Novice: 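Here it is, the structure in full.
Source: prediction; values computed, not measured.
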Amino acid sequence: MSGPSPSSTPCDFDQFYTVTAKRLVAVVYAATGDLAEAEDAVQEAYARAWQRWDRLTAEGDPTPWVRTVALRLAVSSWRRARNRMRAHFRHGPPPDLPDLAPDRVALVHALRGLKPEQRTAVVLHHLLDLPIEQVARETGVSPGAVRTRLSRARKALGSHLAEAEADADAEAPTPAPAPSPHPPVCHPKEVPSHG
């Protein structure tokens with residue numbers, strides 16, 4: 001396996017990587033819900049792109065090719081790891097990343113609940129703003145199938161996010177009564193005199 005031919009420059013690939021890698025990791029992470037898996041899949045996709053760099057750039061923008069490869073690698077890895085994940089769930093779910101806002105945690109959790117093909121369609125269409133026709137080309141299905149996946153995914157996400165919001169509201173502690181601005185006044189008991 002050789003790298004690009006002498007006509008390609010490493011600067012072209014380096015610039016492409018610098019401009020696209022962070023966003024691609026975010027896309028694959030949104031599709032898989034696993035940051036480490038996303039990073040691994042993206043790195044492998046870029047390595048494969050480097051090996052085909054001349055051909056990819058001759059065909060136009062290499063971004064869709066790299067994205068498709070990264071998503072497919074992540075899904076394949078996910079399928080192999082499914083049984084390992086089940087064992088990990090016996091010990092409880094992994095902790096959420098502390099730097100993520102609660103609404104992002106809820107969204108990632110909701111995305112994890114979707115079927116992989118629905119999750120991929122949502123990520124490509126809604127997070128990357130790709131048109132339905134391009135999502136169809138990249139995933140190898142018809143535009144109608146993409147629309148169906150998006151419709152079902154939106155319905156499932158809406159239901160899941162509404163439940164998460166209701167659960168969060170139910171778990172929210174009731175505020176303690178505000179302290180009085182004035183301290184209580186103590187009145188000594190009058191002691192009756194016996195005379």
Side-chain angles (χ1 to χ4, degrees), residues 3-4 8-81 85 94-141 143 145-147 149-154 156-158 160-161:
S8 292
T9 64
C11 291
D12 294 340
F13 182 83
D14 291 346
Q15 182 180 9
F16 170 72
Y17 179 85
T18 302
V19 170
T20 60
K22 187 173 183 180
R23 185 165 187 189
L24 185 55
V25 168
V27 167
V28 178
Y29 171 60
T32 63
D34 184 332
L35 182 58
E37 190 64 45
E39 290 171 339
D40 289 347
V42 167
Q43 290 303 317
E44 177 63 23
Y46 279 109
R48 292 181 184 187
W50 170 251
Q51 295 168 349
R52 299 163 178 79
W53 189 243
D54 285 338
R55 191 182 78 212
L56 291 176
T57 55
E59 293 172 0
D61 181 13
T63 305
W65 187 91
V66 175
R67 183 173 46 241
T68 300
V69 169
L71 287 167
R72 287 181 180 166
L73 287 167
V75 168
S76 294
S77 178
W78 178 80
R79 287 179 179 149
R80 285 191 308 271
M85 292 294 285
D96 289 324
L97 298 175
D99 296 335
L100 295 178
D103 58 338
R104 286 193 175 204
V105 171
L107 178 60
V108 168
H109 185 67
L111 284 169
R112 285 179 184 164
L114 296 177
K115 294 179 180 177
E117 61 273 4
Q118 290 175 345
R119 188 169 46 238
T120 300
V122 167
V123 169
L124 293 176
H125 183 66
H126 290 294
L127 296 182
L128 285 182
D129 294 325
L130 296 181
I132 287 178
E133 291 74 21
Q134 187 171 352
V135 174
R137 280 191 305 274
E138 289 191 24
T139 57
V141 297
V146 172
R147 287 185 188 89
R149 290 173 181 180
L150 288 170
S151 174
R152 290 178 180 163
R154 281 188 219 116
L157 284 172
H160 184 79
L161 292 172

Novice: Would you say the side-chain atoms of R149 pair up with the backbone N or O of A121, donor to acceptor, closer than 3.5 Å?
Specialist: no
Novice: Taking all atoms of both residues into account, what is the closest heavy-atom pair of V66 and A45, and its distance?
Specialist: O-CB, 3.6 Å
Novice: List the atom of A41, the atom of A70, and the distance in Å for their closest heavy-atom pair.
Specialist: CB-O, 3.4 Å
Novice: Could you pull out all residues at least two apart from A110 that satisfy side chain to side chain contact (heavy atoms under 4.5 Å, CB included)?
Specialist: L157, H160, L161
Novice: Is there a donor-acceptor contact under 3.5 Å from the side chain of S151 to the main chain of R147?
Specialist: no
Novice: Can you sort out the partners of K115 under side chain to side chain contact (heavy atoms under 4.5 Å, CB included), two or more places apart, ordered by chain and number?
Specialist: E117, Q118
Novice: So, using side-chain hydrogen bond (donor to acceptor under 3.5 Å, both in side chains) as the criterion, who are the partners of R48 when residues are at least two apart?
Specialist: E44
Novice: What residues form a side-chain hydrogen bond (donor to acceptor under 3.5 Å, both in side chains) with T20, not counting sequence neighbours?
Specialist: Y46
Novice: Using side-chain hydrogen bond (donor to acceptor under 3.5 Å, both in side chains) as the criterion, list what pairs up with E59, not counting sequence neighbours.
Specialist: none
Novice: Listed by chain and number, what are the side chain to side chain contact (heavy atoms under 4.5 Å, CB included) partners of A26, not counting sequence neighbours?
Specialist: none
Novice: Y29 and L35: which non-hydrogen atoms are nearest, and at how many Å?
Specialist: CD1-N, 3.3 Å
Novice: Kindly compute the distance separating CZ (R119) from OG1 (T32), expressed to the nearest 0.5 Å.
Specialist: 7.0 Å
Novice: Walk me through it: do T57 and D12 pass the test side-chain contact (heavy atoms from CB on, under 4.5 Å)?
Specialist: CA-CA 10 Å; T57 55; D12 294 340; over 6 Å; no
Novice: So, using side chain to side chain contact (heavy atoms under 4.5 Å, CB included) as the criterion, who are the partners of A145 when residues are at least two apart?
Specialist: V141, S142
Novice: Check the angle between the aromatic planes of F16 and F13 and answer parallel, tilted or perpendicular using the 30° and 60° thresholds.
Specialist: tilted
Novice: Restricting to side-chain hydrogen bond (donor to acceptor under 3.5 Å, both in side chains), what partner residues turn up for T63, sequence neighbours left out?
Specialist: D61
Novice: Looking at every heavy atom in both A31 and L71, which two are closest together, and how far apart are they?
Specialist: CB-CD2, 3.7 Å
Novice: Please set out all donor-acceptor pairs under 3.5 angstrom arising from side-chain atoms of residues 122-137, sequence neighbours excluded.
Specialist:
| unit_1 | atom_1 | unit_2 | atom_2 | d |
| --- | --- | --- | --- | --- |
| H125 | ND1 | L130 | O | 2.8 |
| H126 | NE2 | R154 | NE | 3.2 |
| Q134 | NE2 | E138 | OE2 | 3.1 |

Novice: Please report the closest heavy-atom contact between A21 and V42, naming both atoms and the distance.
Specialist: O-CG1, 4.5 Å
